[in-house]
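Inspection log for the structure reproduced underneath, given as structure tokens.
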Amino acid sequence: AETTQGLHFCRPYLSPKLQTFTLEMGVRAPKINDFLDEVIAKTQLTTFSFTLHSNLPDNFVEKVKTNTKFEKLAIMAPGALAARVGKWASGLPLLKTLALDLSNSSTRAVEGFFNEVGTGSGYSTPESLGRDSGVFSGDDDIDFTEVRKSVARLTSDGPRHGAFPQLTQLSLTGEAANVATFLRHITSPLSQIELAIEDPPLLHDWQDLCALLGNHFGTTLQVLRITATGASRYNELIRSTSRGGDVQLQHLSLVHLGPLPHLYRFEVELPESAVFYNTDLAHLAKVCPN
């Protein structure tokens, strides 16, 4: 919906028997706060997917926290990585499936999602690493992006929060570095992971992500799907239809993938990273025998 009138069409269907609700709002989200109040008051949802192309309302958590029956949750909006959202979502006792968009976010913002989760002291990226706008800035004398990523990797062995204990399915969208940062905090028995990453991924970020999948989820993971973000697919479409011709396909190494003995379904569909060697397939056959 784009207008208040559009939201009104949903009202006849809001009832205690409604279990699944999917809502996508454009940049202009008139009276979205009032509508969320109505949705939560009139339903007992178990599945809620909320996509907002403007900032998540500041009091979003206060509006939805009265419903503790969520089993599947998807939040795609700027502001979804706020610490208060992480604390609320991780505390949902029945939550089994979670989807989040980490795009256009810094590694520190992803870390911040877990700041209030759990009771342990945890760890965080040092605040002294400078500003972080999530984009490159010509006004900065030094770009701290890679420094922050390196610190995040160095501190990955620190204590992790007990986040999302019942989670079995997780879908993440964003850069490989942000995806790996998020996954480091998850100790849940994940059986299915779906990742939409920027293509091509940075080499060291991709290697970290591959190793992490085996180290953290090797005893439970059964399905792994890796696709490209919408932005990557769009860029590839522009290149393929321009006069420049087809883009040069790149090698996507699989040799850093950790042991996943229970994995029975593995899908990779990336527009540029589409070259695999015999060594990749041999390693895949070894670490993923099923």
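Heavy-atom basis, side chains included; hydrogens, waters and symmetry copies ignored. Just so it is clear, the model here is predicted, and its values are computed rather than measured.
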Are side-chain N/O atoms of E198 and T229 paired as donor and acceptor at under 3.5 Å?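 The criterion, which ignores hydrogens and geometry beyond distance, is satisfied for T229 and E198.
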V223: which other cluster members, linking ILVMFWY side chains closer than 4.5 Å, directly or transitively? Y264
Do [X] and [Y] come within less than 4.5 Å of each other through their side chains, counting heavy atoms only?
X: L213; Y: L183; value: yes
X: T220; Y: S191; value: no
X: R225; Y: E269; value: no
X: L23; Y: F35; value: yes
X: P57; Y: L52; value: yes
X: L224; Y: F217; value: no

What's the separation between atom [atom1] in [X] and atom [atom2] in [Y], rounded to the nearest 0.5 Å?
X: E272; Y: H251; atom1: CD; atom2: NE2; answer: 15.0 Å
X: L94; Y: L73; atom1: CG; atom2: CG; answer: 12.5 Å
X: Q44; Y: T66; atom1: CD; atom2: OG1; answer: 8.0 Å
X: N215; Y: L260; atom1: CG; atom2: CG; answer: 9.5 Å
X: K65; Y: I40; atom1: NZ; atom2: CD1; answer: 12.5 Å

Are K96 and E71 close enough for a salt bridge, meaning some N to O gap below 4.0 Å?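 No, K96 and E71 are not salt-bridged.
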Ring-plane angle category for W88 and F60, please: parallel below 30°, perpendicular beyond 60°, tilted otherwise. perpendicular
Assess whether side-chain contact (heavy atoms from CB on, under 4.5 Å) is satisfied between N290 and F266, documenting all intermediate values. CA-CA 10 Å; N290 284 323; F266 179 50; over 6 Å; no
Start with the C-alpha gap between F164 and L170, add the side-chain angles, then the distance that decides, and say whether side-chain contact (heavy atoms from CB on, under 4.5 Å) holds. CA-CA 10 Å; F164 305 97; L170 179 62; over 6 Å; no
In terms of hydrophobic clustering (I, L, V, M, F, W, Y; side-chain heavy atoms under 4.5 Å; direct or indirect links), are M76 and V61 co-clustered?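 No, separate clusters.
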Please list, chain by chain and in numerical order, all residues satisfying side chain to side chain contact (heavy atoms under 4.5 Å, CB included) with T22, sequence neighbours excluded.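 Expected list: S49.
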